Amino acid sequence: MAILFSCKGHKQQNTRKKILIIKTDNIGDFILWTDAAKEYKKIFSPDEFEITLLANSMWAELAKKTGYFDAVIPLDRKKFMLHPFYRFSKMKEVIALKWHRVIYHSFSHEFGVGLSIIRLVRAHEIIAGPSDNGIDNEFWRNIVKRKINYTPYIDPHQIHELKKNAAFIRTLGAEKFTDAIPELKFLSAPLSMHLPQNYYVIFPGASSPMRKWSEPNFAELCNYIYEKTKLTGIVCGGKGEVKIADNIIAQSKAQLMSVAGKTNLQDLLTILEKSTLT
């Protein structure tokens with residue numbers, strides 16, 4: 001006599017091996033890295049592996065749009081280093097799982113973020129590339145107290161990040177991979193604001209006051225561009241640069257529009273993509 005059991009609601013258990021990629025660098029390194037990042041799903045078959053990216057929260061949403069990863073865990077670097085409760089919760093999120101392989105894909109190692117996570121993470125194997133800043137020597141290895149399989153030496157003459165990323169990916173199994181300009185279609189998104197069809201972009205802000213060009217100089221430059229092209233200028237910047245943008249517009253005779261303090265990262269990338277001149 002055959003007995004049939006109905007198991008409604010029973011979910012099939014995920015048996016795929018878990019891969020964790022740690023990449024918490026800044027936005028520029030992320031953009032360059034996307035060329036190599038797309039190879040991970042070719043190296044680790046989706047049928048057998050599940051890839052999770054631990055990403056800088058600054059660009060984590062963009063990483064999700066690439067489609068290169070099964071999951072993305074955002075990490076606020078500043079909060080991780082300065083706020084104990086945030087650090088504890090993120091550590092708990094990462095070390096709660098047992099990873100088949102952890103890959104530290106960065107060439108600027110740091111103990112405060114990447115290596116401190118590696119120190120506690122549960123993993124069958126940990127892989128890292130060589131560090132540009134020397135934090136992979138015996139001193140730091142003794143602090144981390146974990147066995148890390150460093151990829152073969154990368155030629156120091158390959159100073160461009162694209163070439164270093166390509167060399168790293170080849171050590172993981174994509175032996176014929178060569179670097180190329182990243183495919184950035186995932187950056188495009190409809191804007192939440194109306195802009196002219198043709199425009200140029202200026203960024204009058206700077207990370208340090210000593211690096212800032214003067215507002216009258218920007219105003220004069222905008223006058224010159226408008227005289228030659230009749231293009232509208234879009235003044236971009238963060239919330240701290242709203243006043244700078246307003247001052248330039250007040251001092252210039254050109255046709256200008258400020259979006260300073262009004263854009264998120266996705267908006268800014270789309271504005272840049274469609275600009276005639278930056």
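For reference, positions follow the sequence shown, starting with 1. Since we're looking at a predicted model, the values are computed, not measured. Values below: every heavy atom of this structure, side chains too, minus hydrogens, waters and symmetry copies.
Put simply, the side chain of Asn165 never gets that close to the backbone of Ala36: no donor and acceptor are under 3.5 Å apart. No donor-acceptor distance shorter than 3.5 angstrom exists from the side chain of Asp70 to the backbone of Thr52, with no hydrogens or angles considered. Checked by atom type and distance alone, the side chain of Ser275 never pairs as donor or acceptor with a backbone atom of Thr278 at under 3.5 Å. At distances below 3.5 Å, at least one donor-acceptor pair connects side-chain atoms of Asn223 with backbone N or O atoms of Lys253.
Here the side chains of Thr232 and Asn198 are not in contact, with every heavy-atom distance at 4.5 Å or above. At a threshold of 4.5 Å between non-hydrogen side-chain atoms, the residues Ile103 and Ile22 do not count as touching. Met91 has its side chain within reach of Leu120: a pair of non-hydrogen atoms, C-beta onward, lies under 4.5 Å apart. Inter-residue side-chain proximity for Ile21 and Phe69 is flagged as met; some heavy-atom pair is nearer than 4.5 Å. Using a 4.5 Å heavy-atom threshold, the side chains of Tyr40 and Ile51 count as touching. The side-chain heavy atoms of Ser116 and Phe80, taken from C-beta on, include a pair separated by under 4.5 Å. With contacts defined as side-chain heavy-atom distances shorter than 4.5 Å, the pair Asn247/Phe218 does not qualify. Under the 4.5 Å side-chain criterion, counting only non-hydrogen atoms from C-beta, Glu93 is not in contact with Phe88.
Here Lys90 contributes atom NZ and Ser57 contributes atom OG; the two are 8.5 Å apart, rounded to the nearest 0.5 Å. Expressed to the nearest 0.5 Å, how far CD1 of Ile169 lies from OG1 of Thr171 amounts to 7.5 Å. From Leu191, atom CG reaches atom CD of Gln266 across 9.0 Å, with rounding to the nearest 0.5 Å. We find the CG-CD1 distance between Leu256 and Ile248 to be 8.0 Å, quoted to the nearest 0.5 Å. The CD1 atom of Ile31 lies 12.0 Å from the CG atom of Asn26; values are rounded to the nearest 0.5 Å. The OG atom of Ser258 sits 5.5 Å away from the NZ atom of Lys262 when rounded to the nearest 0.5 Å.
In this structure, Ile225 is a member of the same hydrophobic cluster as Ile249, with clusters built from ILVMFWY side-chain heavy atoms closer than 4.5 Å. No chain of hydrophobic side-chain contacts below 4.5 Å, direct or via other Ile, Leu, Val, Met, Phe, Trp or Tyr residues, connects Val201 to Leu265. Hydrophobic clustering (ILVMFWY, side-chain heavy atoms < 4.5 Å, transitive): Met81 and Ile73 are in one cluster. Cluster membership check: Phe177 does not share its hydrophobic cluster with Leu32, using side-chain heavy-atom separations under 4.5 Å among Ile, Leu, Val, Met, Phe, Trp and Tyr. Residues Tyr68 and Ile27 share a hydrophobic cluster, clusters being chains of Ile/Leu/Val/Met/Phe/Trp/Tyr side chains in contact below 4.5 Å.
Taking the ring-ring contact (aromatic ring centres under 6.0 Å, His included) definition, one finds that His124 meets it with His100, sequence neighbours left out. Listed by chain and residue number, Trp59 satisfy the ring-ring contact (aromatic ring centres under 6.0 Å, His included) test with Phe30 (two or more places apart in sequence, or in another chain). With sequence neighbours excluded, the residues satisfying ring-ring contact (aromatic ring centres under 6.0 Å, His included) with Phe44 are Phe49. Every residue meeting the side chain to side chain contact (heavy atoms under 4.5 Å, CB included) condition with Lys79, not counting sequence neighbours, appears here in chain and number order: Asp76, His83, Tyr86. Applying the side chain to side chain contact (heavy atoms under 4.5 Å, CB included) rule to Val259 yields the partners Met193, Leu195, Ile234, Cys236, Met257, Thr263, Ile271; only residues at least two apart in sequence or on another chain are considered. Phe203 is linked by a ring-ring contact (aromatic ring centres under 6.0 Å, His included) to nothing, counting only residues two or more places apart in sequence or in another chain.
Side-chain atoms of Thr24 and Asn56 include no donor-acceptor pair closer than 3.5 Å. Using a 3.5 Å distance cut-off with no hydrogens or angles, the side chains of Thr270 and Asp267 do not pair a donor with an acceptor. Looking only at atom types and distance, the side chain of Asp25 has a donor-acceptor partner in the side chain of Ser106 under 3.5 Å away. A donor-acceptor pair shorter than 3.5 Å cannot be found between the side chains of Lys230 and Gln255.
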Ile127 and His105: CA distance, side-chain angles, deciding distance, side chain to side chain contact (heavy atoms under 4.5 Å, CB included) verdict: CA-CA 8 Å; Ile127 298 173; His105 194 146; over 6 Å; no
Step-by-step salt bridge (Lys or Arg N to Asp or Glu O under 4.0 Å) determination, Glu48 to Lys17: CA-CA 6 Å; Glu48 188 178 354; Lys17 297 173 182 176; 3.6 Å; yes
Quick one: do Tyr104 and Ile126 satisfy side chain to side chain contact (heavy atoms under 4.5 Å, CB included)? Show the steps, please. CA-CA 8 Å; Tyr104 188 19; Ile126 299 172; 5.7 Å; no
Candidate pair Leu231 and Tyr200, rule side chain to side chain contact (heavy atoms under 4.5 Å, CB included), full reasoning: CA-CA 7 Å; Leu231 289 172; Tyr200 67 95; 3.8 Å; yes
Test salt bridge (Lys or Arg N to Asp or Glu O under 4.0 Å) on Glu125 and Arg101 and set out the steps. CA-CA 5 Å; Glu125 182 183 21; Arg101 189 173 293 174; 3.0 Å; yes
Give the intermediate values and the outcome of side chain to side chain contact (heavy atoms under 4.5 Å, CB included) for residues Leu75 and Ile117. CA-CA 12 Å; Leu75 184 139; Ile117 293 171; 4.2 Å; yes
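Ion pair Lys18/Glu50 flagged as a salt bridge, since at least one NZ, NE, NH1 or NH2 atom sits closer than 4.0 Å to an Asp/Glu carboxylate oxygen.
Annotation for Trp99 and Val94: closest pair NE1-O, 3.0 Å, computed over non-hydrogen atoms. What you find for Ser252 and Ala219 is that their closest heavy atoms are OG-O, 3.5 Å.
More than 12 heavy atoms of other shown residues, nucleotides or ligands fall within 6.0 angstrom of atom NZ in Lys41. Remark: Gln251 CD is packed, more than 12 non-hydrogen atoms of other residues, nucleotides or ligands lying under 6.0 Å away.
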